[in-house]
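To find a chain, count down the sequence lines: A is the first, B the second, and so on, and within it residues start at 1.
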Amino acid sequence: MECAVVLEEIGGDFGVWLWHSLRDVLLWGRTVGRERGHVFHPGAPAARAAVRPVLDPELEGVAEVLDAMVAEAERGVVEEVAGACREVAGWSERSGWVGTALAWMEAAAFLMPEDPAAATEAARLAVRRAEYARAEAWVRRSVALAQVARDWRWYVLSFLYVSRAAAARGDHEAAVRLLRRAHRASVRWGVRDVLATVQHELHLMGMSPGRVGGGGGASAGGIEAGEFHRLYEQVRRLVDRGEYRRAIGPMWALHPALGQGAEGAAACAMLARAAALLGEVSVAQQSGALGYGWASGQDLADPVAARVMLDLAHAALALGVMERAEEYGDAAAMRAARADDLRLAMEVEGLRERVASRGGSRAATDVAETRVVGPVVKAFVRTLDRVAERLASAEMGDGTVIQNGQGEA
Amino acid sequence: MQMVHRPVLVMHGDPGLWEAIGGIRDPRYVVRAVPEWRALSDSIRDASPAALVVVDPYLGMPRGAGPAPQLRALLADFPSITVFIAVSLDPEVRSDLHLLARWGVSQVVTLGYDNTPVALEARFEAELAGPLKTVLEDALPPAISGRARYTILSVAEIAAVGGQAEDLAERLGIGRRALGNLCKTLGIPPARELFAWTRILLAASLLDDPGRSIESIAPACGYSADSGLRRVMQNYLGASPRQLRRQGALRVAVGKWLEELERYRRGEVQPVDAESDDAQAVVQGPGPREARTSGGS
């Protein structure tokens with residue numbers, strides 16, 4: 001039976017009134033023009049008033065709109081009736097009647113077929129009801145509508161909700177893929193209020209939007225993404241603790257990824273930082289250039305690009321190139337703010353304070369330590385040469401060279 | 001579209017309802033009065049899948065005794081049929097609505113409220129291929145695109161009233177040639193195959209009606225004879241009507257239909273000439289297909 005879910009969820013006269021009202025909306029929506037004026041019997045308004053139950057005050061306004069729709073059907077305004085449907089949907093959801101909420105939201109979407117908001121909300125409610133096929137059908141529609149309307153908030157939310165459907169069905173890979181798509185879109189279109197939710201849900205799935213190498217199954221330079229992330233974080237911890245020699249091994253394990261996409265750029269920047277701290281200027285310069293080349297081309301809200309700039313700032317600081325350290329630090333600060341990455345922003349501030357105080361970084365001063373890593377450095381230089389050659393032939397953008405005491409784009 | 005009539009079987013005594021029915025302008029609806037429950041059962045048994053039924057659920061019942069058990073039996077015997085009840089919303093009816101929904105009533109007409117010609121036509125139209133469309137909407141996988149889904153469901157509505165491929169083209173606002181190209185682009189079977197399959201699904205839905213005899217199904221679905229229905233069922237579903245009834249005909253038919261859709265979606269089946277009315281699918285992959293007629297058309 002049409003709209004039976006309302007009767008199933010809500011008993012008594014109120015349930016019947018809500019069910020009948022919803023059917024009235026759908027019937028009214030199916031007719032057009034002058035025909036609409038003849039859809040209800042002349043006695044309908046009185047019949048409706050006779051069975052009206054005591055209503056929650058929150059629904060009084062809605063009831064007036066629906067009464068008017070029945071009494072003067074030809075004059076009803078679609079947007080007003082659709083708005084009433086959305087109010088009922090919201091009230092129903094707050095009251096715990098999600099099936100009823102979905103039915104009313106679908107009515108709103110039926111009345112306003114070009115409205116991405118109603119379609120997206122219908123998808124969200126369908127996911128809450130574990131009706132995943134229905135949710136996916138609504139998402140297909142809401143994505144298309146949002147694109148036409150260039151309403152990127154609903155576009156991002158559509159992918160967020162369909163990701164939840166995938167996760168609920170146990171398809172973790174699809175859920176992560178769809179969440180990443182939501183993340184990219186929210187970054188690209190500046191949908192900041194949803195970005196935090198997307199980041200949180202990625203985090204819940206064990207992923208981080210700014211986590212380098214976090215894409216499940218993807219690989220950079222043949223290194224599986226999870227393994228890349230593990231090595232990368234290992235290098236970071238060792239460098240943070242000043243254990244530069246111990247960092248070289250895992251850093252070398254990352255070398256196949258150098259210069260390849262986001263992961264490669266992050267690895268280059270980390271290598272630049274580690275090399276700078278070991279006094280290996282040419283490696284620091286060369287890998288820094290590669291990292292900068294990638295990061296400078298990214299959206300300002302890209303968190304990986306922010307991380308790259310921070311590591312380049314560390315490298316410049318270690319080499320004593322203070323102007324560059326300030327410049328990269330400022331870039332990192334702006335990008336971290338745009339990416340809404342609070343943790344990264346705090347790290348950047350820590351670095352900028354050191355730059356401001358000309359405190360410098362802990363550099364390796366043990367000659368013996370640098371002698372041990374000498375052969376590895378040569379291998380890095382060879383690798384970086386090859387990467388630079390490959391990228392040049394692929395027409396990568398210019399890199400900025402960190403030069404001791406200078407600094408020239 | 002070729003005029004195909006849609007029977008409306010009405011078992012009700014309310015004058016206001018009859019006045020509204022009399023005001024329906026769409027000539028496709030052919031209304032017939034039925035006096036009581038047994039006659040209604042007999043009428044439904046021979047009716048097409050597009051038939052609609054409008055009843056008084058309390059006919060023959062003392063006041064306060066609830067809806068008639070004959071209605072429950074009717075809905076159990078013929079789950080494929082679309083049944084409207086026409087009632088006033090007095091307290092007794094309001095308390096029975098949930099029960100009537102569980103029995104399988106599709107739609108409610110409220111006397112003195114929405115028993116108008118405009119409302120009846122709108123609701124009749126909304127219930128085109130009702131139960132089958134509901135099954136397909138739930139069964140079509142997410143991989144089927146929105147446009148393909150709309151096309152397939154449109155075929156269900158059009159086939160339910162005996163329509164053909166040219167009616168689909170008209171609904172979509174394109175020519176027959178463009179329809180062929182559209183189906184190819186969407187990765188779905190050509191129009192003739194879509195209609196052939198949909199008629200099979202309709203027949204299968206009737207096979208699942210315990211109250212129908214197998215012999216009554218062929219003419220109800222537009223097949224010229226029992227033999228035509230049997231041949232088509234064997235060709236497409238690999239079983240006889242009797243075997244399918246035992247297995248759950250619609251469930252089997254939908255499963256095979258989805259397999260076929262998936263083969264087209266993956267490009268395993270290529271029509272020789274998507275624009276030809278006599279297109280025969282050339283199988284490029286494994287499959288039990290042989291040349292088929294488009295049964296019953």
Region of B:V108 that comes under 4.5 Å of a non-hydrogen atom in chain A: both
Part of B:L100 lying under 4.5 Å from any heavy atom of chain A: both
Heavy-atom side-chain proximity of A:V98 to A:L102 below 4.5 angstrom: no
Contact check, side chains of B:L97 and B:L89, non-hydrogen atoms, under 4.5 Å: yes
Interatomic distance, B:L17 atom CG to B:F84 atom CZ [nearest 0.5 angstrom]: 11.0 Å
The criterion is side-chain contact (heavy atoms from CB on, under 4.5 Å); which residues satisfy it with [X], sequence neighbours excluded?
{"X": "A:A82", "answer": "A:L111, A:M112"}
{"X": "B:L59", "answer": "B:M11, B:W37, B:D56"}
{"X": "B:P7", "answer": "B:S48, B:A51"}

Top contributor to chain A interface from B:A126, B:G112, B:A20, B:A101 [non-hydrogen pairs under 4.5 Å]: B:G112
Nearest heavy atoms of B:V8 and B:Y29, plus distance in Å: CG2-CD2, 3.9 Å
Taking every non-hydrogen atom, the tightest pair across A:A108 and A:C85: CB-CB, 3.8 Å
When A:V70, A:V39, A:V139, A:L7 are compared by non-hydrogen pairs under 4.5 Å with chain B, the top option: A:V39
Tabulate, with distances rounded to 0.1 Å, every donor-acceptor pair spanning chain A and chain B at under 3.5 Å.
{"residue": "B:R25", "atom": "NH2", "partner": "A:E35", "partner atom": "OE2", "Å": "3.3"}
{"residue": "B:R94", "atom": "NE", "partner": "A:D13", "partner atom": "OD1", "Å": "3.2"}
{"residue": "B:V105", "atom": "O", "partner": "A:M1", "partner atom": "N", "Å": "3.2"}
{"residue": "B:S106", "atom": "O", "partner": "A:E2", "partner atom": "N", "Å": "3.2"}
{"residue": "B:Q107", "atom": "OE1", "partner": "A:R23", "partner atom": "NE", "Å": "3.4"}
{"residue": "B:Q107", "atom": "OE1", "partner": "A:R23", "partner atom": "NH2", "Å": "2.9"}
{"residue": "B:Q107", "atom": "NE2", "partner": "A:E2", "partner atom": "OE1", "Å": "3.0"}
{"residue": "B:V108", "atom": "O", "partner": "A:R23", "partner atom": "NH2", "Å": "2.2"}
{"residue": "B:T110", "atom": "OG1", "partner": "A:H20", "partner atom": "NE2", "Å": "2.7"}
{"residue": "B:Y113", "atom": "O", "partner": "A:H41", "partner atom": "N", "Å": "2.7"}
{"residue": "B:Y113", "atom": "OH", "partner": "A:D24", "partner atom": "OD2", "Å": "2.5"}
{"residue": "B:T116", "atom": "OG1", "partner": "A:H38", "partner atom": "O", "Å": "3.4"}
{"residue": "B:T116", "atom": "OG1", "partner": "A:V39", "partner atom": "O", "Å": "2.8"}
{"residue": "B:P142", "atom": "O", "partner": "A:R140", "partner atom": "NH1", "Å": "2.9"}

